[in-house]
Amino acid sequence: MPALALIDMNNFYVSCERVFRPDLEGRAVIVLSNNDGCAIARSQEAKDLGIKMGDPWFKIRDAYRRAGGVGLSSNYALYGDMSARIGDVLAQFSPDIETYSIDESFVSLEAVPPQSRFQLAKDMATTVRRWIGISCCVGIGPTKTLAKLANFTAKKRLLDNNGVADLMDEERRARAMAVIPVGEIWGIGRASATKLNALGVETAADLLRVDRRLVRNVLTVVGERIVAELAGESCVDLDLEPPPQKGCAVTRSFGRSICEWTEMEEALAFYAARAGEKLRRQNRAASVMQVFMHTNRFNGDPPYSNAATARLPEATTDTRDLIAMALVLGRRIWRPGYRFAKAGVILDELVDASAVQRSFLVDPDRRGKSAPLMAVIDDINNRMGNGTLTLAATGICRHWKMQAGMRTSRYTTRWDELARVR
DNA sequence: TCTGGGGTCCTAGGACCC
DNA sequence: TCTGGGGTCCTAGGACCC
């Protein structure tokens, strides 16, 4: 029987911050989304104060601070780098790893003798804790869904475990599933949980007992697959090699609303340029672009929301093409008189950049010069820092940019922001 | 004043074809 | 009196994940 471990960092973003800010240990700490919008990571102390995932910062700020809580802007440079380091540690334990998200990895334990799996999982957790400074939980199960469930079991200490839970054994599995709400199962979100509850299905164990055809009726094949996985039948393979991305988006709320086309133009150009950088990093070219913009949905501003999509003459990675198209599409949906809160550039139908289907409409001479030019720009920005060389269309002042006033230093990726020892 | 961003997958329904 | 059937492709929207 196959065996998988799921390693999941505890309160990952907060834990990253605490590695470099030990003064935050023992205190309520939350990390905020872009623009300091809402809480996206919470320390245990913050959870105990009643802070919920997604709570808007401006609503909780005052009371939270009075209670001694700390709010931090998100520092993705730091979290991304810590995540890569954790990946290096895990790679020492097994070659068969799927990096599932910034703070979670699946590790195949198939080659590990059953009696050694638990100890190996413990060793992984202690090593990550000791070398990186971040604690984590490990769940072991025969399928991905059960490994996730085991991880939940470990996090909530539902069985007699401490940070590691092994659910390979069917009897232990049944005991855990009897107390785990359906909504905690991987792939069962709010909508599905509500439907299941209406059918009297409250726990994972309940779901396992439901007739599969009924599950398929209510939750489509997605639900059917989840039940199979819960029963120990593997339906979701380990992805050792991340599959190439199909789309790529740069979307962002503005630091303050945009009312002028000149500013929207700048923002769209900036987003398109960022999208281009992402594409080139993955050696992909985009065939289709969508641009959208909308007003604030919450504050009573007159609502307007629109999107425009077009196919590029030829799949491209060239920032100039992307900006030009973004502005054409943006112009099409721009309406004066509204206060825009957010916009985005979405690229679709990504293809391998070295195998682009060519078009007669594109000047071959320009095409030949595009890749070297972009490579030079990227290289300069990599060496001298992001934003060293930009296209003028992306703006200079960027008054619309997001707020991140409470961001900690990029300790591990910027020489000028290294931690200081006094 | 202030409510995130970036992905994936699935389905239903319309348009179109023969 | 009588108004087909079966297939594909595309898109928008929903649901979910972290």
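Order of the sequence lines fixes the chain letters, A, B, ..., with proteins taken first and strands second; residue numbering starts at 1 for each chain. Just so it is clear, the model here is predicted, and its values are computed rather than measured.
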Student check: side-chain heavy atoms of A:E17 and A:N75 closer than 4.5 Å: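 They are in contact (side-chain heavy atoms under 4.5 Å apart), so the answer is yes.
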Side chain to side chain, A:V201 and A:V210, heavy atoms closer than 4.5 Å: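 When only atoms from C-beta onward are counted, A:V210 and A:V201 do touch, with a gap below 4.5 Å.
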Mind calculating the distance between [atom1] ([X]) and [atom2] ([N]) to the nearest angstrom?
X: A:K144; N: C:dC16; atom1: NZ; atom2: P; result: 19 Å
X: A:Y100; N: C:dC18; atom1: OH; atom2: P; result: 5 Å
X: A:R216; N: B:dC10; atom1: CZ; atom2: P; result: 11 Å
X: A:D55; N: B:dG4; atom1: CG; atom2: C1'; result: 14 Å
X: A:F12; N: C:dC17; atom1: CZ; atom2: P; result: 20 Å
X: A:Y271; N: B:dG6; atom1: OH; atom2: P; result: 9 Å
X: A:I346; N: C:dT11; atom1: CD1; atom2: P; result: 14 Å
X: A:F298; N: B:dT1; atom1: CZ; atom2: C1'; result: 15 Å

OP1, OP2 of [N] versus side-chain N and O of [X]: anything below 4.0 Å?
X: A:T251; N: B:dG6; value: yes
X: A:N299; N: B:dT1; value: no
X: A:K148; N: C:dC16; value: no
X: A:S253; N: B:dG5; value: yes
X: A:K278; N: B:dG5; value: no
X: A:K195; N: C:dA15; value: no

Select one nucleotide: of [options], the one nearest the side-chain heavy atoms of [X].
X: A:V250; options: C:dC16, B:dG4, B:dG6; result: B:dG6
X: A:R252; options: B:dT3, B:dG7, B:dG5; result: B:dG5
X: A:V221; options: B:dG4, B:dG5, B:dT11; result: B:dT11
X: A:A249; options: B:dG6, B:dC2, B:dG4; result: B:dG6
X: A:C38; options: B:dC2, B:dG4, B:dC10; result: B:dG4
X: A:N34; options: B:dT1, B:dG5, B:dT3; result: B:dG5
X: A:K342; options: B:dG6, B:dC9, B:dG5; result: B:dG5
X: A:V222; options: B:dC10, B:dG7, B:dT3; result: B:dC10

So what does [X] touch, heavy atoms closer than 4.0 Å: a base, only the sugar-phosphate, or nothing?
X: A:I226; answer: nothing
X: A:R190; answer: sugar-phosphate
X: A:S192; answer: sugar-phosphate
X: A:G247; answer: sugar-phosphate
X: A:K246; answer: sugar-phosphate
X: A:R225; answer: sugar-phosphate
X: A:D103; answer: sugar-phosphate

Residues, nucleotides or ligands: over 12 heavy atoms within 6.0 Å of A:R335 CZ: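 Yes.
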P atoms of B:dC17 and C:dT3, separation to the nearest Å: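 Nearest-Å result for B:dC17 against C:dT3 at atom P: 24 Å.
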Test: A:K401 cationic atom under 6.0 Å from A:F254 six-membered ring centre, within 45° of axis: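 The answer is no, since A:K401 fails at least one limit relative to A:F254.
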Cation-pi geometry met for A:R85 and A:W131 (6.0 Å, 45°):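 Judged by the rule (NZ or CZ under 6.0 Å from the ring centre, within 45° of its axis), A:R85 is not positioned above A:W131.
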Closest-nucleotide 5' rank along DNA chain B - winner of A:S33 and A:C248: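 Checking each residue's closest nucleotide, the 5'-ward one belongs to A:S33.
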Expected output: side-chain A:D123 to main-chain A:T127 donor-acceptor under 3.5 Å: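 Absent.
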Distance-only polar pair, side chains of A:Y13 and A:N11, donor-acceptor under 3.5 Å: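 A:Y13 vs A:N11: no donor-acceptor pair found between side chains.
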Complementary nucleotide for C:dG14 - Watson-Crick or wobble, under 3.5 Å: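 Across any shown strand, C:dG14 pairs with B:dC9.
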